[in-house]
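Each ligand, and each atom within it, is numbered from 1 in the order the structure gives.
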Amino acid sequence: MSFSAGTVARRLGVAVTTLRTWHQRYGMGPSLHEPGHHRRYTEQDIQRLEEMQRLIVEGVAPSEAARWARRRGDHARLFEATAGADTSAAVRGLNRAALRLDAPAVRQRVAEAVRELGVVAAWDSVLRPVLAGIGERHAATGGLVEVEHLVSGCVSGVLGAVPRPSAGRPVRILLACADDEQHSLPIEALAAALAADGVPARSLGARVPPSALRAAIRRTGPSAVLVWSHLRVTAAPEQLEAVLAERNRPVVLAAAGPGWHRPSVPSGVVFPDSITEALMLLTSALT
Ligand code: B12
């Protein structure tokens, strides 16, 4: 199936001239070319454009939105390739080791998943399901706190052991948990995934008071900052407002995690929903 510029413009609700601009300026044009005919858009081209449009609405600059939308397509293809792998055995194995409180086996299983799938796929298809399962059972029974603690420690250890890019390179990404927020594993996974892509990041870990976040921003001048909040109570929007008010504010400020109440968050902040989206958003600020 392929589509004309007119059809695509109608579907997106933009003018055909806007589509042309996106093509000429940002390389977001139709990819299907038959000799003697106008180029036509494929379904994939349209998805990229929709993604770009969504980001522009969120306040991302068009050039960055285009770059991100293109890379998202590449990541999606990569993800489909790894998603074919059956990870249910890895999830079951890790769960069993966790319930036995067998730390060496837990560490080994986590390390195996990271080695075989890479950080992002290991997080999304093995570690996250196991953690979420533990969380659900804890919510239902009040138990398993010991399992949660043991697994968290092992996952932290393995993610922290993913080799970091060599020292001496400028570090332009800053990751932090919100004030009083103890759920740091998602930003640990993110730091490890960035490292695996060769991108250094500075992580302040759990429970970062707003004054400390601002001090770190002043001293290191990051291009991109991500603040994680898992809980509603730790998601005070003032901590983001303070970052935006900095003279040297970052190009990208991301609020990640289910704690944030989006309508209360100041505009100019973006909301990545997944580790893949966070990776692309943060690295888009570096170019
Ligand atoms: C591990 C864990 C802990 C560890 C954290 C260790 C650490 N270093 O991170 C410890 C033991 C410290 C802990 C403490 C507490 N915890 Co806790 N914890 C968890 C657990 C099991 C996993 C957390 C995690 O890493 N989640 C990440 C993944 C696994 O979550 P997910 O839902 O799949 O993720 C979604 C998004 O967040 C997003 N996403 C996932 N990863 C990433 C990465 C990036 C970069 C991005 C952008 C998006 C993204 O995609 C998913 C789809 O939306 C969760 C269960 C859960 N479902 O999250 C409970 C959970 C978050 N904890 C909970 C609670 C209540 C607490 C405590 C208050 C308990 C207590 N009474 O002390 C304290 C909180 C203290 C505080 N002030 O922060 C509740 C929160 C309920 C709520 N919404 O209010 C949960 C949901 C468990 C439950 N069902 O009851 N916890």
Could you pull out all residues at least two apart from Arg262 that satisfy side-chain hydrogen bond (donor to acceptor under 3.5 Å, both in side chains)?
Asp273
Filter the ligand 1-protein atom pairs down to N or O on both sides and distance under 3.5 Å, then list them.
from, atom 1, to, atom 2, distance (Å)
ligand 1, 8 (N), Ser184, OG, 2.9
ligand 1, 9 (O), Ser184, N, 2.8
ligand 1, 9 (O), Leu185, N, 3.0
ligand 1, 16 (N), His183, NE2, 2.9
ligand 1, 18 (N), His183, NE2, 3.1
ligand 1, 33 (O), Arg128, NH1, 2.6
ligand 1, 41 (N), Trp123, NE1, 3.0
ligand 1, 58 (O), His230, NE2, 3.2
ligand 1, 62 (N), His183, NE2, 3.1
ligand 1, 77 (N), Asp180, O, 2.9
ligand 1, 78 (O), Gln182, N, 2.8
ligand 1, 89 (N), Gly135, O, 3.1
ligand 1, 91 (N), Glu148, OE2, 3.2
ligand 1, 91 (N), His183, NE2, 2.8

Roughly how far, to the nearest 0.5 Å, is CD1 of Ile217 from CZ of Arg202?
11.5 Å
Nearest-0.5 Å distance that lies between atom NE2 in His230 and atom CD in Gln182
12.5 Å
Looking only at the side chains, is there a donor atom on one of Thr234 and Ser229 sitting less than 3.5 Å from an acceptor on the other?
yes
Salt bridge Arg11-Glu43, side-chain N to carboxylate O under 4.0 Å
yes
Under a 3.5 Å threshold, yes or no: a donor from one side chain and an acceptor from the other, between Thr18 and Thr21?
no
